[in-house]
Amino acid sequence: MSRRDKIEAMLAEDPTDTFLRYSLAMENRSEGNHEESIRGLGELTRDETPYVPAFFMAAQQLVELGRISEGRTLLREGIEEARRQGDSHAAAEMSELLASLGQLGEAPDQDDDDL
């Protein structure tokens with residue numbers, strides 16, 4: 001039985017288990033199923049109590065896929081949620097990634113078209 005099969009079997013017994021849902025999303029990532037992984041992580045960010053690590057992992061994937069603006073938005077939301085939950089370590093990690101993005105993926109100024 002594969003790791004995925006084990007996770008899915010446990011999820012069949014308890015589909016609300018946050019860690020199992022996160023594990024399945026990370027398994028999707030490792031298998032290269034990025035859209036499915038991002039979707040699963042996104043669901044975790046919208047739970048009644050959002051799962052803070054999901055913000056970071058989804059944002060990392062979005063950045064890796066060149067979807068910088070989406071990643072930046074998710075990082076900002078994740079930082080806010082991490083602070084709300086008192087998770088300063090996660091907020092700092094996401095802040096660091098956000099800062100490292102700098103100007104990446106931002107549309108050029110309209111004035112640049114005149115050059």
Side-chain angles (χ1 to χ4, degrees):
M1 182 178 268
S2 72
R3 177 178 163 89
R4 169 186 282 286
D5 291 339
K6 290 177 187 176
I7 294 168
E8 288 175 342
M10 289 185 283
L11 267 172
E13 292 178 26
D14 184 3
T16 63
D17 186 292
T18 299
F19 184 72
L20 290 174
R21 292 167 56 215
Y22 180 77
S23 296
L24 182 58
M26 297 311 295
E27 189 66 22
N28 277 314
R29 180 182 185 171
S30 70
E31 294 174 356
N33 301 324
H34 297 291
E35 292 307 317
E36 187 67 19
S37 176
I38 292 166
R39 185 193 61 73
L41 292 167
E43 289 174 3
L44 288 164
T45 68
R46 293 184 296 277
D47 279 354
E48 186 175 327
T49 301
Y51 189 57
V52 171
F55 287 94
F56 187 58
M57 297 311 293
Q60 279 185 329
Q61 283 186 83
L62 289 166
V63 168
E64 290 168 7
L65 295 170
R67 294 161 57 183
I68 309 298
S69 181
E70 291 174 79
R72 192 178 277 119
T73 298
L74 201 53
L75 286 168
R76 288 184 181 117
E77 292 170 5
I79 292 164
E80 184 177 317
E81 183 59 39
R83 288 180 179 151
R84 189 174 14 261
Q85 292 186 27
D87 190 341
S88 59
H89 178 75
E93 281 186 325
M94 287 186 276
S95 295
E96 186 176 309
L97 178 55
L98 182 60
S100 76
L101 297 176
Q103 299 283 325
L104 271 178
E106 292 187 4
D109 291 340
Q110 289 184 4
D111 294 339
D112 290 347
D113 293 338
D114 296 334
L115 296 177

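- One finds the CD atom of Glu70 at 8.0 Å from the OG1 atom of Thr73 (value rounded to the nearest 0.5 Å).
- With sequence neighbours left out, Ser23 forms a side-chain hydrogen bond (donor to acceptor under 3.5 Å, both in side chains) with no residue at all.
- Both Leu62 and Val52 are members of a single hydrophobic cluster when ILVMFWY side chains are connected at heavy-atom separations under 4.5 Å.
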Walk me through it: do Ser30 and Asn28 pass the test side chain to side chain donor-acceptor pair (under 3.5 Å)? CA-CA 5 Å; Ser30 70; Asn28 277 314; over 6 Å; no
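- Not counting sequence neighbours, the partners of Glu35 by the salt bridge (charged side-chain N to carboxylate O under 4.0 Å, His left out) test are Arg67.
- Annotation: side-chain hydrogen bond (donor to acceptor under 3.5 Å, both in side chains) contacts of Ser2 (sequence neighbours excluded): Asp5.
- Inspection of the Gln61 and Ser37 side chains reveals an N or O donor paired with an N or O acceptor under 3.5 Å.
- Screening residues 52-87 for ring-ring contact (aromatic ring centres under 6.0 Å, His included) gives no qualifying pairs among residues at least two apart or on separate chains.
- Taking 4.5 Å as the limit, every side-chain heavy atom of Glu77 sits out of range of all side-chain heavy atoms of Pro50.
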Please lay out, stage by stage, how Glu43 and Arg46 fare under the test salt bridge (charged side-chain N to carboxylate O under 4.0 Å, His left out). CA-CA 5 Å; Glu43 289 174 3; Arg46 293 184 296 277; 5.3 Å; no
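- Of the inter-residue distances, the one linking Leu44 atom CG with Thr49 atom OG1 reads 12.0 Å to the nearest 0.5 angstrom.
- For the side-chain contact (heavy atoms from CB on, under 4.5 Å) test, no residue two or more places apart in sequence or in another chain qualifies with Glu13.
- Not counting sequence neighbours, the partners of Arg21 by the salt bridge (charged side-chain N to carboxylate O under 4.0 Å, His left out) test are Asp47.
- How far CE of Met94 is from CZ of Arg83: 9.0 Å, rounded to the nearest 0.5 Å.
- Each ring-ring contact (aromatic ring centres under 6.0 Å, His included) pair with one or both residues in residues 11-42, not counting sequence neighbours, appears once here: Tyr22-Tyr51.
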Assess whether side chain to side chain contact (heavy atoms under 4.5 Å, CB included) is satisfied between Met1 and Glu8, documenting all intermediate values. CA-CA 11 Å; Met1 182 178 268; Glu8 288 175 342; over 6 Å; no
List the steps and the verdict of side chain to side chain contact (heavy atoms under 4.5 Å, CB included) for Met26 and Arg29. CA-CA 5 Å; Met26 297 311 295; Arg29 180 182 185 171; 3.9 Å; yes
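- With Arg39 contributing its side chain and Ala25 its backbone, the two residues share no donor-acceptor pair below 3.5 Å.
- We find the CG-CG distance between Leu24 and Asp17 to be 11.5 Å, quoted to the nearest 0.5 Å.
- Residues satisfying the side-chain hydrogen bond (donor to acceptor under 3.5 Å, both in side chains) test with Glu31, not counting sequence neighbours, are Arg4, Asn33.
- Of the inter-residue distances, the one linking Leu11 atom CG with Leu20 atom CG reads 4.5 Å to the nearest 0.5 angstrom.
- Residues that satisfy the side-chain contact (heavy atoms from CB on, under 4.5 Å) test with Arg84, not counting sequence neighbours, are Glu80, Glu81.
- Shown here are the side-chain contact (heavy atoms from CB on, under 4.5 Å) partners of Ala59, two or more places apart in sequence or in another chain: Leu74, Leu75.
- Distance check: Ile38 CD1 to Leu65 CG gives 5.0 Å after rounding to the nearest 0.5 Å.
- For Arg3, the salt bridge (charged side-chain N to carboxylate O under 4.0 Å, His left out) test picks out Glu27, with sequence neighbours left out.
- Within the structure, salt bridge (charged side-chain N to carboxylate O under 4.0 Å, His left out) contacts touching residues 48-61 (residues at least two apart or in different chains) do not occur.
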